[in-house]
Amino acid sequence: MISLAICGDNRGRLVAIEGMSDVPFPIARVYYVFHTQPGVDRGFHAHRALRQVLIAVNGSCTILVDDGEIRNNVRLNDPSMGLLLEGLVWREMSDFSPDCVLLVIADAHYDENDYIRDHGQFLDAVREQM
Ligand code: TYD
């Protein structure tokens with residue numbers, strides 16, 4: 001988890017995120033997931049090289065993080081906390097609150113070739129890198 005500094009004053013709060021400083025990579029892409037319908041799960045993939053930070057800037061959701069050995073659920077519900085995902089990590093996203101806005105900051109443009117969408121292939125890739 002990455003703790004993001006909050007600039008707060010009597011007007012409210014602000015979080016600024018700069019590449020190579022607040023997140024440990026140059027920022028190439030930002031996207032956000034919102035209006036996720038009840039009961040919908042997303043993700044179900046790993047990335048070969050992509051580095052990402054996930055932040056629930058509003059509401060909450062659960063990220064299942066699987067490194068091929070250990071599967072951990074991380075609840076994101078704090079706009080000042082980022083989940084850094086790098087290396088071969090299988091991720092599944094679930095339990096989105098209706099108001100959830102999940103912000104994702106990434107170090108590369110969208111590239112379908114970087115995705116591993118089959119869990120068996122993901123486990124093979126984990127074994128190959130050992
Ligand atoms: P998808 O990979 O299914 O999202 P998730 O991993 O959250 O379940 O992406 C949904 C659609 O959005 C799909 O058609 C690909 C497209 N997309 C882009 O065009 N650019 C992007 O940066 C991302 C993440 C997705």
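Whatever order the structure lists ligands and atoms in, that order sets their numbers, starting from 1. Numbering of residues begins at 1 and proceeds along the displayed sequence.
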Query raised in the report: Parallel, tilted or perpendicular for Phe122 and Trp90, by the 30°/60° rule?
Result: tilted
Report task. Give a yes or no answer on whether the side chain of Arg51 reaches the backbone of Pro24 with a donor-acceptor pair at less than 3.5 Å. Result -> yes
Report task. May I ask whether Leu54 and Val33 are part of the same hydrophobic cluster, defined by side-chain heavy atoms of I, L, V, M, F, W, Y residues being less than 4.5 angstrom apart, directly or through others? Result -> yes
Query raised in the report: At a 4.0 angstrom heavy-atom cut-off, what protein residues surround ligand 1?
Result: Arg29, Tyr31, Arg42, Gly43, His45, Tyr110, Tyr115, Arg117
Report summary line: The side-chain contact (heavy atoms from CB on, under 4.5 Å) partner of Ile55 among Leu4, Leu102, Val15 is Leu4
Query - side chain to side chain contact (heavy atoms under 4.5 Å, CB included) between Leu83 and Val53, worked out - result: CA-CA 5 Å; Leu83 173 64; Val53 171; over 6 Å; no
Report task. Could I get the full list of ring-ring contact (aromatic ring centres under 6.0 Å, His included) partners for Tyr115, not counting sequence neighbours? Result -> His45, His47, Tyr110
